[in-house]
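Have a look at the structure below before the remarks.
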Amino acid sequence: MYALGARVANSDVLLALLCDARRQGKRFVDLQLGGKVVVITGGAKGIGAAIARTCVQEGSVPVVLDRDKDAGEQLVSELRGAGGGGKADFLALDLCSAQSCREAVDRVAKTHGRIDALVNNAGINDGVGLERGTPEQFVGSLERNLLHYYNMAHFTLPFLKDARGAIINIGSKTAVTGQGGTSGYVAAKGAIMALTREWAAELLPFHIRVNAVIPAEVMTPLYRQWLSTFPNPEEKRQKIVSKIPLGQRMTEANEIASTVAFLLSSQASHVTGQHLYVDGGYVHLDRALT
């Protein structure tokens, strides 16, 4: 593996090495994730699956937690066959109870002997609003979108201490912009942004870094499902992408995954308590730019 900044006496030799590396598919920056065990909630599809694929590419071991058994098994079969045999694992379970989170962590630790990182990703924009919702539905939305973030962090903490590991929380732009009609999801995502800062502060003595990645418009199975609720899904999609400043296109799941991999890596060794927006400028740039 080549590293950027390697000392080569002749620039022509360096150029030749870089070209050769590109032809062989080698990376230029070693993220030093080899052998790391990374737990990914909601990892069977969409952004979670992209993160799992990137982990395998970097030589780490993604452990995917998801209630979709078929999708999870299919993904892990793919990952184990990637590049001659990547390492990956899958546990089928629902994370809505603290006990299931505890059992998941215990199983991962027993099987792999370590946990180096946690990626909290599972959640669903379930449309529990203020008017079109009930107090009971609101609590249910928090169970689906927030409580397992805390539970998974709590139960993995002893292992993260040993590893001086990292936590990445996947958030949503809706916590900043609002969306309408989705109070439960937005409350959860706002809390996730706050907890990212709180955990980063609490875990400083253990050298555990905690950051959040905030997507906006990413095409995932759940996003397609949401688009399908409109009379003309393609027209709705075009209207959305026309308002994304950088390139008038949606963010790709692998772009989220690459950001997560960087934040998990030693290359981000002094980055903690941050909210990183990977959204083509959707949230913070003037829409007049489009």
Side-chain angles (χ1 to χ4, degrees), residues 3-4 27 29-43 47-48 50-65 95 101 104-105 108-109 112-123 146-173 175-176 188-215 253-279 283:
L4 280 176
R27 299 183 299 276
V29 177
D30 184 359
L31 296 181
Q32 299 178 25
L33 291 175
K36 304 286 188 183
V37 176
V38 182
V39 175
I40 307 167
T41 69
I47 290 172
I51 293 169
R53 291 187 179 100
T54 299
C55 284
V56 168
Q57 291 168 6
E58 294 297 331
S60 56
V61 183
V63 181
V64 172
L65 311 184
L95 295 171
C101 292
V105 171
V108 174
H112 297 277
R114 60 190 290 178
I115 297 174
D116 298 281
L118 168 66
V119 180
N120 275 321
N121 168 70
L146 174 62
L147 301 189
H148 57 80
Y149 274 58
Y150 175 90
N151 294 335
M152 289 300 299
H154 176 76
F155 293 125
T156 58
L157 185 54
F159 304 97
L160 297 177
K161 285 182 179 180
D162 289 340
R164 291 194 171 191
I167 299 173
I168 306 296
N169 294 322
I170 304 300
S172 168
K173 58 93 175 177
V176 180
K189 292 303 182 178
I192 286 162
M193 293 179 72
L195 286 174
T196 296
R197 294 259 162 85
E198 169 63 14
W199 294 346
E202 181 174 341
L203 300 180
L204 287 172
F206 309 111
H207 299 273
I208 297 172
R209 297 178 299 103
V210 187
N211 292 287
V213 174
I214 317 296
N254 67 327
E255 292 172 315
I256 305 296
S258 294
T259 304
V260 169
F262 168 72
L263 289 173
L264 291 176
S265 78
S266 61
Q267 300 296 329
S269 58
H270 214 226
V271 180
T272 194
Q274 300 304 305
H275 302 153
L276 276 76
Y277 291 79
V278 185
D279 65 356
V283 172

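Since we're looking at a predicted model, the values are computed, not measured. For reference, positions follow the sequence shown, starting with 1.
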Pair Asn121, Thr41 - check side chain to side chain donor-acceptor pair (under 3.5 Å), show working.
CA-CA 5 Å; Asn121 168 70; Thr41 69; 5.5 Å; no
Quick one: does Val105's side chain get under 4.5 Å of Phe159's, heavy atoms only?
yes
Donor-acceptor under 3.5 Å (Ser265 side chain, Gln32 main chain)
no
Interatomic distance, CG@Leu264 vs SG@Cys55, rounded to 0.5 Å, equals 6.5 Å
Rounded to the nearest 0.5 angstrom, the CG-OG distance for Leu31 and Ser258 is 9.0 Å
- prompt: Heavy atoms, side chains only, cut-off 4.5 Å: are Val213 and Val278 in contact?
  reply: yes
Between Ile168 and Leu118, is the side-chain contact (heavy atoms from CB on, under 4.5 Å) condition met? List the steps. CA-CA 6 Å; Ile168 306 296; Leu118 168 66; over 6 Å; no
Report task. Could you check Ile208 against Arg164 for side-chain contact (heavy atoms from CB on, under 4.5 Å), going step by step and ending with a plain yes or no? Result -> CA-CA 5 Å; Ile208 297 172; Arg164 291 194 171 191; 5.7 Å; no
Closest heavy-atom pair, Ile256 versus Pro215, reported as atoms and distance to 0.1 Å, is CD1-CB, 3.8 Å
query: Are Tyr149 and Ile170 close enough, and set up right, to give a side-chain contact (heavy atoms from CB on, under 4.5 Å), and what steps lead you there?
result: CA-CA 10 Å; Tyr149 274 58; Ile170 304 300; 4.2 Å; yes
What one should report as the nearest heavy-atom pair of Cys101 and His148 is SG-CB, 4.0 Å
Rounded to the nearest 0.5 angstrom, the CG-CG distance for Asn151 and Leu95 is 9.0 Å
Show me the side-chain donor-acceptor pairs of residues 268-276 shorter than 3.5 Å, one per line, residues at least two apart or across chains.
from, atom 1, to, atom 2, distance (Å)
Ser269, OG, Ser266, O, 3.3
Thr272, OG1, Val210, N, 3.0
Gln274, NE2, Thr272, O, 3.1
His275, NE2, Met193, O, 2.9

Side chains of Leu146 and Leu195, heavy atoms from C-beta outward: is any pair under 4.5 Å? yes
query = With distance as the sole test, does Lys36 use its side chain to make a donor-acceptor pair with the main-chain N or O of Gly59 at under 3.5 Å?
reply = no
Taking every heavy atom of Leu33 against every heavy atom of Ala261, the minimum-distance pair comes out as CD1-O, 3.8 Å
Heavy-atom closest pair (Val39 atom, Met152 atom, distance to 0.1 Å) is CG1-CE, 4.0 Å
Closest non-hydrogen contact found for Val64 with Ala52 is CG2-CB, 4.0 Å
dist Glu202:CD -> Glu198:CD (nearest 0.5 Å) comes out at 6.0 Å
**Asked** Is there side-chain contact between Val37 and Val63, with at least one heavy-atom pair below 4.5 Å?
**Response** yes
Value for OG1 (Thr196) from CG (Asn169), rounded to nearest 0.5 Å, stands at 4.0 Å
- Query: Can you find a heavy atom in the side chain of Tyr150 that is under 4.5 Å from one in the side chain of Trp199?
  - Reply: yes
Requested in this report: Say whether, by atom type as modelled, one donor and one acceptor occur between the side chain of Arg209 and the main chain of Leu263 under 3.5 angstrom.
Outcome: yes
Looking only at heavy atoms, the pair that brings Ala166 and Leu160 closest together is O-CD2, 4.1 Å
| task | Carefully, step by step, assess Val38 and Val119 under the rule side-chain contact (heavy atoms from CB on, under 4.5 Å). | result | CA-CA 7 Å; Val38 182; Val119 180; 3.9 Å; yes
